[in-house]
Protein chains: 2
Amino acid sequence: MVLSMSSWREYDRGETLFLQGETAQAIHIVTEGWVKLYRIAPNGGEAVVNVFAKGESFGEAVAFRGHAYPVSAEAVTTCEVMRIPSVALLEAMRKDPEIAVSVLASTFAHLHSLVSQLEQLKAQTGPQRVAEFLLELCEHEEGSCVVTLPYDKFLIAGRLGMKPESLSRSFAKLKNAGVHIKRNHAAIDDIERLREFSETDPVEAWHKAQ
Amino acid sequence: MVLSMSSWREYDRGETLFLQGETAQAIHIVTEGWVKLYRIAPNGGEAVVNVFAKGESFGEAVAFRGHAYPVSAEAVTTCEVMRIPSVALLEAMRKDPEIAVSVLASTFAHLHSLVSQLEQLKAQTGPQRVAEFLLELCEHEEGSCVVTLPYDKFLIAGRLGMKPESLSRSFAKLKNAGVHIKRNHAAIDDIERLREFSETDPVEAWHKAQ
DNA sequence: TGGACTAAATGACAATAATCAAGTTGCCTG
DNA sequence: CAGGCAACTTGATTATTGTCATTTAGTCCA
């Protein structure tokens with residue numbers, strides 16, 4: 001039932017899914033590619049709020065009330081997105097409250113991710129945020145590994161609240177924590193060591209980075 | 001029904017309502033005073049995520065899944081808090097899906113507030129964030145007004161992602177935008193002018209602040 | 001193979017915010 | 001009213017980040 005009312009679309013890189021201020025009438029699920037949520041401040045600055053990958057959904061909380069989107073969405077790669085009209089999901093929710101609970105759970109995940117970002121911005125230095133970003137990409141908890149940077153450095157910088165130049169310098173500092181960047185791959189010598197770097201006091205971290 | 005299962009408690013200033021990592025079993029509604037939500041980063045830094053006033057609720061999204069709180073909560077003034085066990089609300093939601101929708105709406109409000117904070121941190125300078133904070137306290141859209149700072153400056157600084165000293169200096173810079181601080185009151189000469197300050201380009205704002 | 005384009009790194013400098021230290025100010029209490 | 005405490009302000013210095021300009025490297029395509 002829900003599926004029957006859903007539509008499905010492809011977007012090219014750079015294409016806009018919706019703009020902040022538009023009235024929300026559907027929730028979106030990324031089925032392929034990457035979508036970024038960003039916000040333009042009145043002074044013109046862009047803040048990347050989140051980047052969603054395959055399987056993730058966004059816009060739940062907004063759509064239900066027909067509020068205006070607080071953010072804009074843009075495809076950062078060619079991608080496929082499923083669109084579920086909010087009326088369809090609302091109806092489903094009325095029939096099965098379990099659905100309501102799982103929508104809430106998903107919304108909570110977003111809330112949690114925003115809280116994490118706030119913590120990082122307020123309490124960590126640039127290189128520490130980069131370290132944490134890399135750690136989240138790792139699949140293991142220890143040892144060494146090589147991760148692929150999921151999108152270009154310009155976007156990563158935005159996501160971490162810094163300029164591309166600063167990201168570049170952060171990568172340079174992380175060499176002392178055993179991280180080597182080559183193209184869009186990052187080789188991490190020792191995951192534990194990198195985690196320690198991201199968790200130590202900023203002033204200590206500074207000495208280590210020298 | 002829901003109310004019959006709820007409890008009600010007073011907290012002294014500085015008392016902890018819950019700590020991050022604890023399992024959530026209830027949502028909280030502030031009926032008097034102020035409660036801050038904060039998060040301690042692994043490196044020891046504290047990030048104030050939000051400060052809630054009378055009438056506001058928090059913890060909805062977490063409680064439903066019995067997840068661990070991502071943040072800690074502490075009373076910043078003496079306050080009264082209502083506690084609704086999540087089982088009670090879950091049951092109510094099953095009976096009346098409308099409740100689910102309104103819980104989602106409230107969760108969305110939090111989500112929106114977090115997005116705003118991210119935007120401010122990523123795209124605005126310190127003084128601009130302070131200006132915006134003051135504007136949110138104003139009840140009018142234009143003209144002049146006097147607002148009362150809702151909590152002490154140490155906490156305001158934390159909420160805005162800066163050190164108390166920086167807040168102090170920001171206030172000093174805002175004198176040029178027609179803001180005068182006296183004790184815990186801020187007199188704003190011209191709301192429009194202050195808004196313009198918070199919305200102009202950082203580099204322009206700098207010239208104006210000289 | 002050789003441009004031409006783009007992404008990224010680097011250097012020099014300005015600007016913003018943190019840190020440390022020293023004053024204020026107001027308030028409470030004996 | 002003096003003394004002491006706590007919150008806040010101010011000053012001097014350092015560190016981090018942003019900005020602008022330039023260089024390097026990689027990729028595409030004829």
Side-chain angles (χ1 to χ4, degrees), chain A residues 13-14 41 43-47 76-77 120-131 148-158 160-176 179-186 201-210, chain B residues 13-14 41 43-47 76-77 120-131 148-176 179-186 197-198 200-210:
Chain A
R13 179 169 193 247
N43 66 12
E46 174 181 317
V76 293
T77 61
Q120 287 178 23
L121 278 173
K122 287 183 176 175
Q124 292 185 285
T125 67
Q128 284 184 319
R129 295 201 298 274
V130 176
T148 303
L149 301 179
Y151 24 87
D152 71 22
K153 300 195 180 168
F154 193 87
L155 184 54
I156 294 175
L160 296 176
M162 60 179 78
K163 299 287 154 183
E165 293 95 326
S166 297
L167 177 66
S168 211
R169 285 179 235 272
S170 294
F171 278 142
K173 285 195 178 174
L174 288 182
K175 276 181 192 152
N176 296 299
V179 176
H180 298 267
I181 307 293
K182 193 122 183 216
R183 317 254 296 98
N184 61 339
H185 293 280
D201 196 66
V203 294
E204 287 179 54
W206 182 77
H207 291 295
K208 291 184 186 168
Q210 288 303 299
Chain B
R13 178 168 193 247
N43 66 13
E46 173 180 318
V76 293
T77 62
Q120 289 179 21
L121 278 173
K122 286 183 177 174
Q124 291 185 286
T125 67
Q128 285 185 319
R129 295 201 297 273
V130 175
T148 302
L149 302 179
Y151 23 86
D152 70 23
K153 301 196 179 166
F154 193 88
L155 184 54
I156 296 175
R159 165 64 238 285
L160 296 175
M162 59 179 75
K163 298 289 154 185
E165 293 96 321
S166 297
L167 177 65
S168 210
R169 285 179 235 274
S170 293
F171 277 142
K173 283 195 180 174
L174 288 182
K175 277 182 191 151
N176 297 299
V179 175
H180 298 267
I181 306 293
K182 192 120 180 220
R183 317 255 293 99
N184 63 337
H185 293 279
F197 173 87
S198 83
T200 49
D201 197 66
V203 293
E204 287 179 54
W206 181 76
H207 291 297
K208 289 183 186 168
Q210 288 305 296

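Values below: every heavy atom of this structure, side chains too, minus hydrogens, waters and symmetry copies. In what follows, every chain begins at residue 1, and chains take the letters A, B, ... in the order their sequences are listed.
For the side chain to side chain donor-acceptor pair (under 3.5 Å) test, residues two or more places apart in sequence or in another chain that qualify with A:H185 are A:T148. By the side chain to side chain contact (heavy atoms under 4.5 Å, CB included) test, A:F154 pairs with A:D152, A:P164, sequence neighbours left out. A search for side chain to side chain contact (heavy atoms under 4.5 Å, CB included) contacts involving B:E165 returns B:K163, B:R169, not counting sequence neighbours.
Note on B:S166: every side-chain N or O is 4.0 Å or more away from OP1 and OP2 of C:dA17.
Using a 4.0 Å heavy-atom distance criterion, A:F171 is classed as making no nucleic acid contact.
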Detail all sub-3.5 Å separations between protein N/O atoms and N/O atoms belonging to nucleotides 23-28 of chain C.
| from | atom 1 | to | atom 2 | distance (Å) |
| --- | --- | --- | --- | --- |
| C:dC27 | OP1 | B:R183 | NH2 | 3.0 |

Using a cut-off of under 3.5 Å, enumerate the N/O to N/O pairs linking the protein to nucleotides 21-25 of chain D.
none

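Within the 3.5 Å criterion, the main-chain N or O of B:Q124 finds no donor-acceptor partner in the side chain of A:N43. Between the A:S170 side chain and the A:S166 main chain, a donor and an acceptor come within less than 3.5 Å of each other. No donor-acceptor pair closer than 3.5 Å links the side chain of B:Q120 to the backbone N or O of B:L160.
The bend of the helix from C:dT1-D:dA30 to C:dG30-D:dC1, defined by the angle between the axes of its first five and last five pairs, stands at 30° to the nearest 10°.
Rounded to whole Å, atom P of D:dT9 lies 11 Å from atom CG of B:N184. Rounded to whole Å, atom P of D:dG11 lies 22 Å from atom NZ of B:K163.
Separation of atoms CE (A:M162) and OG1 (A:T125) is listed at 8.0 Å; rounding is to 0.5 Å.
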